[in-house]
Amino acid sequence: MLCGAAAHPGKDSSMTPRKKLEGLVAATVTPMTPDGQINLSVIHQYVDYLVSEQNVKNVFVNGTTGEGLSLSIQERKQLAEEWICQGKNKLDHVIIHVGALSLPESQELARHAAAIGASGIAVMAPFFFKPTNKDELIAFLQKVASEAPAVPFYYYHIPHLTGVKIHVEELLDGIKKQIPTFQGVKFSDTDLLDLAQCISKNESKQFAFLYGVDEQLLSALAIGANGAVGSTFNYLGRKTNLMLRAFAKPDLPLAQKYQFLTGEFLNFVIKLGFGVAQTKAVMTFVSGIPMGPPRLPLVNASEEFIIKAKAKLDGIVWPDGD
């Protein structure tokens, strides 16, 4: 069931009451039809699956996993609307990634996200013409954030894809004065020293630091990350939630077991060749929801990959009690 234009919520009906953003956030894939058009018709099923099967109630839409930069502006708006509408009274947070190479397009997406009631917006650094220092990057982020002055803003740090390697620690100094809506970072980098310095500076805990390298999440939790945004939470969300619970107890050996098993699967599929296309294939066989092909230049996962990945995932023996 599609929401339909008349049913889309406005800014007064976002995911209320607004809770603190913490725990797991699924970086959603973008379902597509066999001919490569976005498939909005399965989003309601996707929402129900995340909540009931994976115990995940936060989503990050139109990011890397969602092929956001391969979508048209109109497609990104339609997806944002559908996730917010279908997530009403089911999801706690719908964060919309509004980053783009073009500043006016990013601003347009930010205004749209605010108008439809997004619980937050995120922006990655532009990566064709790149900011070369902190001031240039903050200037770009500020111009986008100011278009949604009542919406929490998150910086999406993913230097291995953007090539923008400005340390997040540098950005934090005085950022609230320039971007009053700044609430935190999606930190998709393996530089745990940078993350640790950020968390050390965040003594008042005014910012959220959500880690984005799923196979290293336990390390980030130990340093003080508030939670995580990742693609594996689409299909390993329940297991990762159990890892978070074990870490909080604290039962470190049990938390390590969950992290090692997640790592065992990811290490296996990475060696086969693992990216967004393969994530779509895994989500299709785990959830039963057809996620369809990726958009060119990405190509479909091979049948060989699907057979091997499914056998590996099915063969993992998780700790007793789940």
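Position 1 is the first residue of the sequence; numbering continues from there. All values below were derived from every heavy atom in this structure, side-chain atoms included, with hydrogens, water molecules and symmetry-related copies excluded.
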For the NE2 atom of H44 and the CD atom of Q86, what is their distance to the nearest 0.5 Å? 6.5 Å
Point-to-point distance, once rounded to the nearest 0.5 Å, from CG of L103 to CD of E105: 10.0 Å
Do I175 and L210 share a hydrophobic cluster, counting only Ile, Leu, Val, Met, Phe, Trp and Tyr and linking them when any side-chain heavy atoms are less than 4.5 Å apart? no
In terms of hydrophobic clusters joined by side-chain contacts under 4.5 Å, are V59 and I116 together? yes
Check A122 against F60 and note the closest heavy-atom contact, atom names and distance. CB-CE1, 3.5 Å
Rounded to the nearest 0.5 Å, what separation is found between the CD1 atom of I316 and the CZ atom of F268? 9.5 Å
Sub-4.5 Å side-chain heavy-atom contact between P31 and I38: no
Please say whether the positively charged group of K312, taken as NZ for Lys or CZ for Arg, lies over the ring of F265, i.e. under 6.0 angstrom from the six-membered ring centre and within 45 degrees of the axis. no
S188 side chain to I158 main-chain N or O, any donor-acceptor pair under 3.5 Å? no
Quick one: CD1 on I121 to OG on S106, what's the gap to the nearest 0.5 Å? 7.5 Å
So Y211 and F187, would you call those rings parallel, tilted or perpendicular, with 30° and 60° as cut-offs? parallel
F207-F182 aromatic ring centre distance below 6.0 Å: yes
Side-chain heavy atoms nearer than 4.5 Å, only ILVMFWY residues, links allowed to pass through others: does that put V299 and V269 together? no
Sub-4.5 Å side-chain heavy-atom contact between Q142 and S146: yes
Quick check: do I43 and W83 have side-chain heavy atoms less than 4.5 Å from each other? yes
Atom NZ of K165 with >12 non-hydrogen neighbours under 6.0 angstrom: no
Can you tell which of N55, L50, L217 makes a side-chain contact (heavy atoms from CB on, under 4.5 Å) with F233? L217
Indicate yes or no: at least one non-hydrogen side-chain atom of L236 is less than 4.5 angstrom from one of W318. yes
Any carboxylate oxygen within less than 4.0 angstrom of a Lys/Arg side-chain nitrogen, looking at R238 and E53? no
Got more than 12 heavy atoms from elsewhere within 6.0 Å of NZ, K77? yes
Do you know the tightest heavy-atom contact between T132 and E136? N-OE1, 2.6 Å
How about Y154 and I95: do any of their side-chain heavy atoms sit closer than 4.5 Å? yes
Please write out which residues are connected to I307 in a hydrophobic cluster, directly or through intermediates, given that two of Ile, Leu, Val, Met, Phe, Trp, Tyr count as joined at side-chain heavy-atom separations below 4.5 angstrom. none
Compute whether any side-chain donor of one residue and acceptor of the other, for Q54 and Y235, lie under 3.5 angstrom apart. no
Whether over 12 other heavy atoms sit under 6.0 Å from K205 NZ: no
Strictly by modelled atom types, are T33 and Q37 linked by a side-chain donor-acceptor pair under 3.5 Å? no
As an exercise, state the distance from CZ of F140 to CE of M124, rounded to the nearest 0.5 Å. 10.5 Å
Ignoring hydrogens and angles, tell me if any N or O in the side chain of T284 forms a donor-acceptor pair with the backbone of M291 under 3.5 Å. yes
Could E67 and K280 be called an ion pair, given the rule that one side-chain N must be under 4.0 Å from one carboxylate O? yes
Search all heavy atoms of C198 against all heavy atoms of F209 and return the closest pair with its distance. CB-CE2, 3.5 Å
Test item: Q45 side-chain N/O and V42 main-chain N/O as donor-acceptor pair under 3.5 Å: no
State whether the side chain of H97 and the backbone N or O of N62 hold a donor-acceptor pair below 3.5 Å, judged by distance alone. yes
Taking the basic N atoms (NZ, or NE/NH1/NH2) and the acidic carboxylate oxygens, is any pair closer than 4.0 Å for K134 and E169? no
When you look at L24 and N58, which way does the side-chain contact (heavy atoms from CB on, under 4.5 Å) test go after all the steps? CA-CA 7 Å; L24 299 186; N58 307 301; 5.9 Å; no
Nearest heavy-atom neighbours spanning L69 and A100: CD1-CA, 4.1 Å
Would you find a donor on one side and an acceptor on the other, under 3.5 Å apart, between the side chain of N202 and the backbone of Q206? yes
Is there a continuous path of hydrophobic side-chain contacts, each under 4.5 Å between heavy atoms, that joins V276 to I270? no
When clusters are formed by joining ILVMFWY residues with side-chain heavy atoms under 4.5 Å apart, either directly or through shared neighbours, do V25 and L91 land in the same one? no
Return yes when atom CD of E203 has more than 12 non-hydrogen atoms of other residues, nucleotides or ligands closer than 6.0 Å, and no otherwise. no
Indicate yes or no: at least one non-hydrogen side-chain atom of T190 is less than 4.5 angstrom from one of Q216. yes
Does T162 use its side chain to pair, donor to acceptor, with the backbone of A125 at less than 3.5 Å? no
Under 4.0 Å between a side-chain nitrogen and a carboxylate oxygen: does that hold for D173 and K201? yes
Under 3.5 Å, is there a donor-acceptor pair between the T64 and Y156 side chains? yes
Taking atom types as modelled, is there a side-chain donor on E81 or H112 under 3.5 Å from an acceptor on the other? yes
List for me each residue that meets salt bridge (Lys or Arg N to Asp or Glu O under 4.0 Å) alongside K186, sequence neighbours excluded, and say none if there are none. none
Full working for side-chain contact (heavy atoms from CB on, under 4.5 Å) between K239 and L261: CA-CA 10 Å; K239 309 298 186 190; L261 290 171; over 6 Å; no
Whether the side chain of S287 engages the backbone of M283 through a donor-acceptor N/O pair (distance < 3.5 Å, no angle test) should be reported. yes
Could you report the tightest heavy-atom contact between Q107 and V144, atom names first, then the distance? CG-CA, 4.2 Å
Do Y49 and N234 get their side chains close enough for a donor-acceptor pair, meaning under 3.5 Å? no
Output, in order, the C-alpha distance, side-chain angles, deciding distance and verdict of side-chain contact (heavy atoms from CB on, under 4.5 Å) for L79 and Q74. CA-CA 9 Å; L79 282 157; Q74 185 58 32; over 6 Å; no
Would you say L218 and Q256 make side-chain contact, with heavy atoms under 4.5 Å? yes
Any non-hydrogen side-chain atom of L71 less than 4.5 Å from a side-chain atom of R295? yes
Are V168 and L195 close enough, and set up right, to give a side-chain contact (heavy atoms from CB on, under 4.5 Å), and what steps lead you there? CA-CA 8 Å; V168 178; L195 178 64; over 6 Å; no
side-chain hydrogen bond (donor to acceptor under 3.5 Å, both in side chains) involving D214 - partner list, sequence neighbours excluded: T232
Smallest heavy-atom separation, V56 atom then G237 atom, equals CG2-CA, 4.0 Å
